[in-house]
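For reference, the structure is listed below as structure tokens.
In listed order, ligands and their atoms are each counted from 1.
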Amino acid sequence: MIVVTTPDITPAQLDAVREHVEALGLRTHVSRGDRRTIVGCIGDDAAVAESGIAALPGVESVTPVLKPYKLPAREFAAGPTRVRLGAAADPVLVGGDALAVIAGPCSVEGPGMLRATAHAVRASGAVALRGGAFKPRTSPYAFQGMGREALRLLAEARAETGLPVVTEVMDTRLVELVAEHADVLQVGARNMQNFALLSEVGRTGRPVLLKRGPSATVAELLMAAEYVMAQGNGDVILCERGIRGWDPATRNTFDLAAVPVLKMETHLPVLVDPSHAGGRADLVPALSFAAVAAGADGLIVEVHPAPAEARSDGPQSLDLPAFDALMARLRPFAEAAGRTLAAPAWAA
Ligand code: PEP
Ligand code: MN
């Protein structure tokens with residue numbers, strides 16, 4: 001249930017609305033916009049509807065949310081959610097007018113390649129560095145990531161470049177450690193419905209990049225976001241990265257339509273990962289431009305200084321000049337979509 005308040009509601013009246021709802025055994029979630037404050041109610045809708053809440057001073061309307069997800073639902077917020085990247089006083093926000101491009105290697109493979117990539121993507125206009133420390137690999141014999149050492153290298157790269165760091169966490173036992181090193185916790189596609197992990201990353205209060213599972217519906221992705229948000233963490237960025245299809249021409253099937261669908265369904269920002277969606281470096285530019293045209297709030301792109309030598313996902317990784325060229329070509333697409341490219345403080 002959503003209670004939309006009148007523009008002139010007083011703080012005391014707002015408190016009274018919340019207390020009224022909570023006394024009925026529901027949880028409340030207040031979202032403040034420029035002109036309106038919305039009180040989202042989570043629990044038994046019927047009890048609220050029958051409680052006479054519509055007659056309280058400061059209440060304009062009371063509407064049920066007929067969706068299984070509540071906290072990520074567009075109606076639950078007074079405006080789009082903007083998620084900060086990093087701890088800078090003036091951080092880059094994902095979900096505003098400016099598109100955020102996050103770039104870096106699939107996995108952190110050592111100090112040299114990470115530093116080279118970090119400096120290059122920063123110079124090309126990326127606003128955050130990605131890099132896997134713990135890798136979800138289909139084979140247990142494939143490279144599993146450098147683990148703790150990679151976290152240390154990521155923190156070092158951040159100190160050197162100022163780029164906030166995005167890295168995946170796969171294990172509830174490691175959430176605290178990863179949260180100490182990373183600015184954004186990535187929950188990977190394979191873990192999108194690992195409910196214990198979703199709750200645990202929710203409890204850290206760190207922004208979460210939640211990737212859509214390879215066979216998850218849009219509604220299931222939003223329910224996964226609900227798990228994180230139910231812990232009081234509203235800083236969730238969703239990511240479309242391709243779903244399981246039947247055609248081996250691409251690694252996954254890029255579900256472009258999911259982008260505008262998500263933008264209609266939720267107030268959370270939506271990124272696209274063109275690297276995993278297509279699985280081929282030569283497809284990354286086209287998928288990136290399409291993502292921007294479809295309304296994505298940014299991209300997360302795999303970049304490696306020597307893709308042929310990469311220990312994971314080389315075929316879909318752009319080399320440094322290709323990433324630079326992508327960023328240059330992205331700009332007119334952003335403008336055509338009524339957006340800009342995020343310009344971090346260091347680029348000013
Ligand atoms: C990754 O980002 O490197 C990754 C493993 O992505 P996904 O979870 O989307 O497969
Ligand atoms: Mn990868």
Side-chain angles (χ1 to χ4, degrees), residues 94 100-109 113-114 117 121 126 128-140 142-147 150-151 154 164-171 174 178 182-194 197-198 201 207-216 218 220-221 224-225 228 236-245 250-255 258-259 262 270-281 283-284 287-288 291 296 298-319 323:
V94 186
V101 180
I102 301 168
C106 178
S107 350
V108 175
E109 299 167 4
M113 61 78 73
L114 188 64
T117 310
V121 300
L129 176 68
R130 62 148 290 151
F134 300 95
K135 295 304 303 177
R137 304 306 299 279
T138 303
S139 165
F143 176 56
Q144 303 286 308
M146 288 177 66
L151 294 178
L154 285 164
V165 159
V166 181
T167 197
E168 177 163 357
V169 59
M170 300 195 295
D171 186 328
L174 294 173
V178 177
D183 299 283
V184 178
L185 302 176
Q186 176 174 324
V187 174
R190 261 68 68 90
N191 267 314
M192 191 207 82
Q193 284 186 315
N194 180 338
L197 182 64
L198 294 170
V201 296
V208 174
L209 174 64
L210 178 60
K211 300 187 86 174
R212 180 182 182 185
S215 58
V218 164
E220 285 164 343
L221 172 60
V228 178
V236 179
I237 303 167
L238 303 172
C239 181
E240 159 60 31
R241 44 76 74 203
I243 51 176
R244 178 62 63 97
T250 55
R251 181 178 179 184
N252 290 291
T253 296
F254 177 27
D255 185 5
V259 176
L262 281 166
V270 178
L271 294 187
V272 162
D273 173 346
S275 311
H276 290 87
R280 288 168 38 178
L283 295 178
V284 168
L287 303 189
S288 301
L299 304 169
I300 177 163
V301 184
E302 286 187 340
V303 179
H304 194 287
E309 290 160 27
R311 299 189 72 185
S312 62
D313 287 349
Q316 68 192 36
S317 298
L318 298 181
D319 63 16
F323 179 69

Legend entry - Within-cut-off N or O pair, Gly188 and ligand 1, under 3.5 Å: no
Legend entry - For the student: nearest non-hydrogen atoms of Arg137 and Ser312, plus distance: NH1-CB, 3.4 Å
Legend entry - Any Arg212 heavy atom less than 4.0 Å to ligand 1: no
Inset, instruction - Among all protein heavy atoms, pick the one closest to atom 6 (O) of ligand 1 and tell me residue, atom and distance. - result: Lys211 NZ, 3.0 Å
Inset, instruction - Return the residue, atom name and 0.1 Å-rounded distance of the protein heavy atom closest to atom 4 (C) of ligand 1. - result: His276 NE2, 3.4 Å
Inset, instruction - Return a yes/no value for Glu302: is any of its N or O atoms, backbone included, closer than 3.5 angstrom to an N or O of ligand 1? - result: yes
Inset, instruction - Report the part of Cys239 (side chain from C-beta onward, or backbone N, CA, C, O) that has a heavy atom under 4.0 Å from ligand 1; answer both or neither where that applies. - result: neither
Inset, instruction - Using only heavy-atom distances, determine whether the side chains of Gln316 and Arg251 contain a donor-acceptor pair under 3.5 Å. - result: yes
Inset, instruction - Indicate yes or no: at least one non-hydrogen side-chain atom of Asp255 is less than 4.5 angstrom from one of Arg212. - result: yes
Legend entry - Taking every non-hydrogen atom, the tightest pair across Pro105 and Arg130: O-NE, 3.1 Å
Legend entry - For Pro136, atoms of ligand 1 separated by under 4.0 Å from a heavy atom: 5 (C)
Inset, instruction - Write the atom name of the N, O or S atom in Glu302 that is nearest the Mn ion (ligand 2). - result: OE2
Inset, instruction - Check each atom of ligand 1 against the heavy atoms of Ala189 and keep those under 4.0 Å away; list them by number with element. - result: 7 (P), 8 (O), 9 (O)
Inset, instruction - Mind listing the closest non-hydrogen atom pair of Ala225 and Val236 along with its distance? - result: CB-CG1, 4.2 Å
Inset, instruction - Please state whether Gly132 comes within less than 4.0 angstrom of ligand 1, counting heavy atoms only. - result: no
Inset, instruction - Considering non-hydrogen atoms only, spot the tightest contact between Leu197 and Val169 and give its length. - result: CD2-O, 3.5 Å
Inset, instruction - Please determine if Arg130 has a nitrogen or oxygen closer than 3.5 Å to a nitrogen or oxygen of ligand 1. - result: yes
Inset, instruction - Please identify which atoms of ligand 1 are closer than 4.0 Å to at least one heavy atom of Cys106. - result: 3 (O)
Inset, instruction - Search all heavy atoms of Val208 against all heavy atoms of Val201 and return the closest pair with its distance. - result: CG2-CG2, 3.9 Å
Inset, instruction - May I ask you to check if ligand 1 and Asp273 share an N or O to N or O distance below 3.5 Å? - result: no
Legend entry - Name, closest N/O/S atom of Asp313 to the Mn ion (ligand 2): OD2
Inset, instruction - Evaluate the salt bridge (Lys or Arg N to Asp or Glu O under 4.0 Å) criterion for residues Arg311 and Glu109: first the C-alpha distance (whole Å), next the side-chain angles of each, then the deciding distance (0.1 Å), finally the verdict. - result: CA-CA 7 Å; Arg311 299 189 72 185; Glu109 299 167 4; over 6 Å; no
Inset, instruction - Of all the heavy-atom pairs spanning Ala133 and Leu151, show the shortest one and how long it is. - result: CB-CD2, 3.8 Å
Inset, instruction - Would you tell me whether His276 and Asp313 have side-chain atoms, one donor and one acceptor, within less than 3.5 Å of each other? - result: yes
Inset, instruction - Provide, to 0.1 Å, the distance between atom 10 (O) of ligand 1 and the closest protein heavy atom, together with that atom's residue and name. - result: Arg241 NH2, 2.8 Å
